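Beneath this line is the structure, given in structure tokens, with notes to follow.
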Amino acid sequence: MKLACQEGLAVGSDLKQKLDLLAEAGYEGIEFSGSGLKERIPEILRLTANHPVKPSTICAGFRGCPLDADKRERELASSDIVSLLHTAGELGMVGLIMVPVFGGPRIPDLSPYSSAMKLELELLTKLCDDWAVVAESANTCLLLEPLNRYETHLLKTLEDAVTICNRVQSPHLKIMADFFHMSIEESSIPDSIEAAAPHIAHVHLADSNRQLPGYGHTDFASGFAALRKHRFTGYMALECGNPAENKQEGLKHAAEYLNNCLALR
Ligand code: LER
Ligand code: MN
């Protein structure tokens, strides 16, 4: 397992300095937002070619919503997702992280014919079928991210995302497991990781209060043990606040804390 950090959380005034300081703090990957990323491909490839910190993933950054009632919103999301999958492939990344819908449903409830959620899950399956083909051609993955109940109504647990993966049956459709959301929604983080393990290709790290690991009460060691048991070798990227006065020291301590959790069980 390799530690990574989102670009916005890394310390430094430019990408070169961020990569150098991440390496010094014990990180091996950097996660980017998808917004404006295509234009940065040459710079990122040049700076990471011979660097110990590699581009790991893209976290969202697409416009529109793939499950909106308005076709133009859906098409905007889909064309951005396709473009970002190609960007992820060009950068040699694990994949593009995608939340299908934030907040409540954007399509109407058509009961008794169908609930909004049933329609959303059917539409999402169809879209993921198509995106998995694109991801395969780009040599990367689409990573479904379940959130918590305060941020979405649709995919809230790893099991919810596994249902979509099982329907699509592509090795290019995977799951991103976020410890913050899991700490709210899963009754047991290690058990849910065990059940979803074959589908998990990336992890987000934040403590129970969405601060750096070590500032809250999430038991990372048991979750990491479940990942290790299933031979997870991917990136785990920090997506959280950094309350430390010295930000670089905060990142260093978090890496030490996480490595300690990795060694615990
Ligand atoms: C949002 O809460 C989140 O965890 C992000 O990774 C969404 O892309
Ligand atoms: Mn996340």
Side-chain angles (χ1 to χ4, degrees), residues 1-10 27 29-37 55-68 73 76-78 80-81 83-85 87-88 93-104 106 120 124 127-128 131 135 140-162 164 173-186 189 192-193 196 199-213 215-216 218 220 223-224 227 232 234-242 254 258:
M1 289 182 246
K2 297 167 282 191
L3 295 181
C5 178
Q6 290 193 334
E7 182 184 25
L9 185 60
Y27 295 82
I30 181 164
E31 179 171 295
F32 295 89
S33 159
S35 173
L37 195 60
S56 64
T57 28
I58 302 174
C59 186
F62 55 88
R63 296 165 296 170
C65 170
L67 304 183
D68 201 274
E73 281 288 302
L76 180 61
S78 216
D80 277 7
I81 287 168
S83 167
L84 286 171
L85 283 170
T87 298
M93 291 168 157
V94 176
L96 165 68
I97 297 162
M98 206 267 307
V99 174
V101 59
F102 287 89
R106 292 164 177 245
E120 286 175 303
L124 180 59
L127 290 168
C128 286
W131 292 328
T140 191
C141 289
L142 182 68
L143 307 167
L144 289 173
E145 178 173 10
L147 302 183
N148 66 72
R149 69 193 68 185
Y150 307 108
E151 295 185 50
T152 190
H153 67 286
L154 197 65
L155 304 183
K156 296 190 299 250
T157 60
L158 299 190
E159 192 183 3
D160 292 339
V162 169
I164 305 295
L173 179 68
K174 295 282 187 190
I175 294 176
M176 214 288 302
D178 183 319
F179 271 84
F180 173 68
H181 302 305
M182 290 193 289
S183 76
I184 296 172
E185 295 298 338
E186 307 288 357
I189 292 181
S192 63
I193 287 176
H199 302 281
I200 298 175
H202 189 61
V203 168
H204 271 170
L205 297 171
D207 218 316
S208 53
N209 48 5
R210 221 166 196 186
Q211 300 295 351
L212 282 174
Y215 280 84
T218 292
F220 288 96
F224 291 171
L227 286 166
F232 175 76
Y235 290 100
M236 305 196 292
L238 290 180
E239 183 193 52
C240 56
N242 180 353
L258 290 164

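By convention here, the first residue in the shown sequence is residue 1. Both counts, for ligands and for their atoms, begin at 1 and track the order of listing. Here the structure is a predicted model, which means the values were calculated and not measured.
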Residue [X] vicinity, atoms of ligand 1 by number, heavy atom under 4.0 Å:
X      : answer
Cys59  : 6 (O), 8 (O)
Val99  : 7 (C), 8 (O)
Asp178 : 4 (O)

When you measure from the heavy atoms of Gln6 to every atom of ligand 1, does any distance fall below 4.0 Å?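 It does not, in that no heavy atom of Gln6 comes within the 4.0 Å cut-off of ligand 1.
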Could you tell me whether ligand 1 has any atom less than 4.0 Å away from a heavy atom of His181? yes
Using the Mn ion (ligand 2) as the vertex, how large is the angle between OD2 of Asp178 and OE1 of Glu239, rounded to 10 degrees?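 Angle OD2(Asp178)-the Mn ion (ligand 2)-OE1(Glu239): 90°, rounded to 10°.
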For [Y], does its backbone N or O pair with a side-chain atom of [X] as donor and acceptor, under 3.5 Å?
X      : Y      : value
Thr140 : Ala88  : no
Thr218 : Phe220 : no
His153 : Gly103 : yes
His202 : Gly234 : no
Asp160 : Thr157 : yes
Gln211 : Gly216 : no
Thr87  : Ser83  : yes

Please confirm whether the ring centroid of Tyr150 lies under 6.0 Å from the ring centroid of Phe102.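 Not under 6.0 Å, so no.
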Given Met98, His204, Arg210, which has its nearest heavy atom closest to atom 3 (C) of ligand 1?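 Of the listed residues, Arg210 has the closest heavy atom.
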If I take every N, O or S atom of His204, is at least one of them less than 2.8 Å from the Mn ion (ligand 2)? yes
Note the single closest protein heavy atom to [atom], along with its residue, its atom name and the distance in Å.
atom                   : answer
atom 7 (C) of ligand 1 : Glu145 OE1, 3.2 Å
atom 5 (C) of ligand 1 : Glu239 OE2, 3.0 Å
atom 1 (C) of ligand 1 : Glu151 OE1, 3.3 Å

Name of whichever N/O/S atom of Glu145 is nearest to the Mn ion (ligand 2):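 Among the N, O or S atoms of Glu145, the one closest to the Mn ion (ligand 2) is OE2.
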